[in-house]
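A short worksheet on the structure shown next.
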Amino acid sequence: MKKKAFITGINGQDGSYLSEYLLEKDYKVYGIVRRNSIAEHQESRIDHLIGNGVETEYGDLLDVSSLERMIRTIQPDEIYNIAAQSHVRISMDIPQFTVQTNALGLLNILEAYKNNCPTARFYQASSSEMFGRTVDEDGYQRETTKMSPTSPYGCTKVFGYNMVQHYRNAYDLFAANGILFNHESPRRGSNFVTNKVVKAAVRIKNGLQDKLSLGNMDAYRDWGHSKDYVRAMHMIINHTEPDDFVCATGVTNSVRDMCSYVFEKLDLDYKNYVIKDPRFMRPEDLKYLRGDSTKLRTTFGWKPEYTFETLMDEMIDHWVNIYK
Ligand code: NAP
Ligand code: F7E
């Protein structure tokens with residue numbers, strides 16, 4: 001019999017790649033999507049999968065009854081809680097919604113899981129934003145690094161991380177955290193910095209845009225590819241015991257480095273186009289993220305197939321094809 005996976009956030013960046021990965025592994029995949037007033041936008045990342053092994057229903061992390069009903073009816077083997085208000089700066093504009101979705105929503109699905117299908121395995125999308133301003137002396141963040149979040153988003157993820165550990169210990173559930181560093185792809189929302197920069201650079205190259213407005217260009221991020229990170233999610237949920245793992249490339253670049261690489265690839269000099277815009281500055285920003293994923297690598301043999309450069313190249317090709 002096929003294994004069954006239930007995914008919240010299935011139509012997001014990671015949800016779409018995770019669905020493809022699980023289909024390759026012969027899973028039957030179920031997911032919830034929120035109602036959107038423009039129906040065509042709702043499932044654009046997973047349109048090609050609907051009816052081909054993936055089934056979706058309307059649902060919301062804030063709607064407990066639908067979560068309960070679906071988990072009770074489907075009886076999944078694996079539950080991936082990937083849904084979130086995932087934008088750090090926007091979490092400063094809509095902190096209450098962010099807390100409701102990321103913290104209380106996580107609690108809703110944990111309860112639905114405990115009460116309706118406790119034999120399933122549970123994966124929580126935790127984040128490097130939980131470490132916030134803390135960096136270990138060697139310049140990395142790892143499972144043992146102190147958590148000092150600097151945004152409503154980061155605070156909700158610390159809540160979720162702790163709740164998952166509590167449910168694991170208190171109710172003997174297989175509930176695990178993947179602490180993922182930034183991961184991108186052509187499917188990344190275009191208001192995150194990588195896709196914003198790549199899209200704008202290609203538009204500038206094609207004469208469709210003159211300038212690119214950015215905030216803090218001196219922030220460093222450990223950028224990987226979402227496809228590599230969904231493989232890690234599946235490894236973590238299929239481990240012999242529930243545990244928590246950092247997933248990262250170990251390579252960090254600044255926003256400025258990233259701009260320089262992308263514009264240069266298009267034979268442009270970013271300095272002629274990028275302007276600093278206070279609208280994109282954050283009241284408190286994380287200066288430096290670099291993950292040590294030794295635990296993940298030694299436990300499962302995980303390693304990323306993409307480098308920073310091949311990730312950016314794939315994103316550039318994506319936008320070049322759109323605007324050609
Ligand atoms: P994403 O593209 O923004 O996808 C988020 C998904 O959550 C979307 O499908 C969204 O649906 C859904 N969602 C939002 N609010 C919801 C609600 N109240 N009920 C049900 N679904 C809701 O994010 P991602 O990049 O795939 O990230 C996946 C997860 O990993 C998130 O939890 C994120 O916080 C976490 N994470 C991401 C990164 C990263 O760098 N990408 C790093 C660490 C952790 P709509 O389309 O309807 O909004
Ligand atoms: O910002 C700077 C910004 O929004 C990266 C989420 O997936 O990863 C992501 O969060 C950096 C920050 O991602 C702009 O200040 C400059 O320093 O792409 P981002 P993020 O905030 O790191 C973590 C791990 C998650 O868990 C989150 O879900 O880029 N930056 N100028 C800008 N950022 C944006 N968005 N837009 C700018 O114009």
Test log, rule side chain to side chain donor-acceptor pair (under 3.5 Å), inputs Asn52 and His48
CA-CA 8 Å; Asn52 294 317; His48 59 297; over 6 Å; no
Test side chain to side chain donor-acceptor pair (under 3.5 Å) applied to Thr56 and Glu43, step by step
CA-CA 9 Å; Thr56 56; Glu43 296 181 324; 2.7 Å; yes
Could you please spell out the steps behind the side chain to side chain donor-acceptor pair (under 3.5 Å) verdict for Ser66 and Asp63?
CA-CA 6 Å; Ser66 56; Asp63 190 89; 2.7 Å; yes
Could you go step by step and tell me if Arg168 and Asp244 meet the salt bridge (charged side-chain N to carboxylate O under 4.0 Å, His left out) rule?
CA-CA 11 Å; Arg168 177 198 305 166; Asp244 310 315; 2.5 Å; yes
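If you chain together hydrophobic residues whose side chains sit under 4.5 Å apart, Leu180 and Met130 never meet in one group. Hydrophobic clustering (side-chain heavy atoms under 4.5 Å, transitive across Ile, Leu, Val, Met, Phe, Trp, Tyr) keeps Leu110 apart from Ile237.
Annotation for Gln13 and Ser185: closest pair OE1-OG, 2.9 Å, computed over non-hydrogen atoms. In terms of heavy atoms, Arg45 sits closest to Gly189 at NH2-N, 3.7 Å. Scanning both residues, Cys259 and Met217, for their nearest heavy atoms gives SG-CE, 3.9 Å. The minimum heavy-atom distance between Asp14 and Ser226, with the atom names listed, is OD1-OG, 2.9 Å. Closest approach of Ile179 to Ser128, counting heavy atoms only: CG2-N, 4.0 Å. Of all non-hydrogen atoms in Ala5 and Tyr80, the two that sit nearest each other are CB-CE1, 4.1 Å.
Annotation: the span from Tyr161 atom OH to Gln124 atom CD amounts to 11.5 Å, rounded to 0.5 Å. One finds the CD1 atom of Ile316 at 15.5 Å from the NZ atom of Lys199 (value rounded to the nearest 0.5 Å). The line from OH of Tyr270 to CG of Leu214 is 10.5 Å long, rounded to the nearest 0.5 Å. Distance check: Asn216 CG to Lys276 NZ gives 6.5 Å after rounding to the nearest 0.5 Å. In this structure, OG in Ser86 is found 8.0 Å from CG in Asn102, a value given to the nearest 0.5 Å. Atom CG of Asp257 is separated from atom CZ of Phe308 by 7.0 Å, given to the nearest 0.5 angstrom.
Here Asp136 pairs with Arg142 in a salt bridge; the nearest charged N to carboxylate O distance falls below 4.0 Å. Between Asp285 and Arg221 there is a salt bridge, since a side-chain N of the basic residue sits under 4.0 Å from a carboxylate O of the acidic one. Using a 4.0 Å cut-off between charged nitrogen and carboxylate oxygen, Glu241 and Arg121 do not count as a salt-bridge pair. Residues Glu184 and Lys227 are not paired through a salt bridge, judged by the lack of any N-O separation under 4.0 Å between the basic side chain and the carboxylate. Using a cut-off of 4.0 Å between Lys/Arg side-chain N and Asp/Glu carboxylate O, Asp77 and Lys2 are scored as not salt-bridged.
For the pair Arg290 and Phe181, the cation does not sit on the ring face, since its NZ or CZ is not both under 6.0 Å from the ring centre and inside 45° of the axis. Judged by a 6.0 Å distance limit and a 45° cone about the ring axis, Lys3 is not positioned over the six-membered ring of Tyr27. Remark: Lys196 qualifies as a cation-pi partner of Phe280 under the 6.0 Å distance and 45° angle criteria applied to the six-membered ring.
Legend: salt bridge (Lys or Arg N to Asp or Glu O under 4.0 Å) pairs involving residues 311-324, not counting sequence neighbours, sorted by first then second residue: Lys265-Asp313.
No donor-acceptor contact under 3.5 angstrom links the side chains of Ser19 and Ser16, judged on distance only. Remark: the Asp222 side chain and the Thr249 side chain contain an N/O donor-acceptor pair separated by less than 3.5 Å. Judged by distance alone, the side chains of Asn195 and Ser190 never bring a donor and an acceptor atom under 3.5 Å apart. For the 3.5 Å distance criterion, the side chains of Glu68 and Asn116 qualify, holding a donor opposite an acceptor. For the 3.5 Å distance criterion, the side chains of Thr134 and Gln141 fail to qualify, holding no donor opposite an acceptor. A donor atom on one side chain and an acceptor atom on the other are found under 3.5 Å apart for Glu111 and Tyr167. For the residue pair Asp228 / His183, no side-chain donor-acceptor distance below 3.5 Å is found, with atom types taken as modelled.
Ring geometry for His87 against Phe192 counts as tilted: the plane angle lies between 30° and 60°, on a 0 to 90° scale. Using the six-membered ring where Trp is involved, Tyr171 and His166 have ring planes that are perpendicular, over 60° apart on the 30 and 60° scheme. Using cut-offs of 30° and 60° on the angle between ring planes, the pair Phe300 and Phe245 is tilted.
Taking the side-chain contact (heavy atoms from CB on, under 4.5 Å) definition, one finds that His318 meets it with Pro186, Ile322, sequence neighbours left out.
With Thr299 contributing its side chain and Lys295 its backbone, the two residues share a donor-acceptor pair below 3.5 Å. A donor-acceptor pair under 3.5 Å is absent between the side-chain atoms of Lys205 and the main chain of Phe263, judged by distance alone. In this structure a side-chain-to-backbone donor-acceptor pair under 3.5 Å is missing from Asn81 to Thr8. The closest donor-acceptor contact from the side chain of Glu78 to the backbone of Phe122 lies at 3.5 Å or more, if one exists at all. Proximity of a side-chain donor or acceptor of Thr73 to a complementary backbone N or O of Arg69 within less than 3.5 Å is detected.
Exactly one of Lys25, Arg187, Arg231 qualifies for a salt bridge (charged side-chain N to carboxylate O under 4.0 Å, His left out) with Glu20. That residue is Arg187.
For Tyr229 and Trp302, the distance between ring centers is under 6.0 angstrom.
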Would you be so kind as to tabulate the donor-acceptor pairs closer than 3.5 Å made by side chains of residues 30-40, with sequence neighbours excluded?
residue	atom	partner	partner atom	Å
Asn36	OD1	Ile38	N	2.7

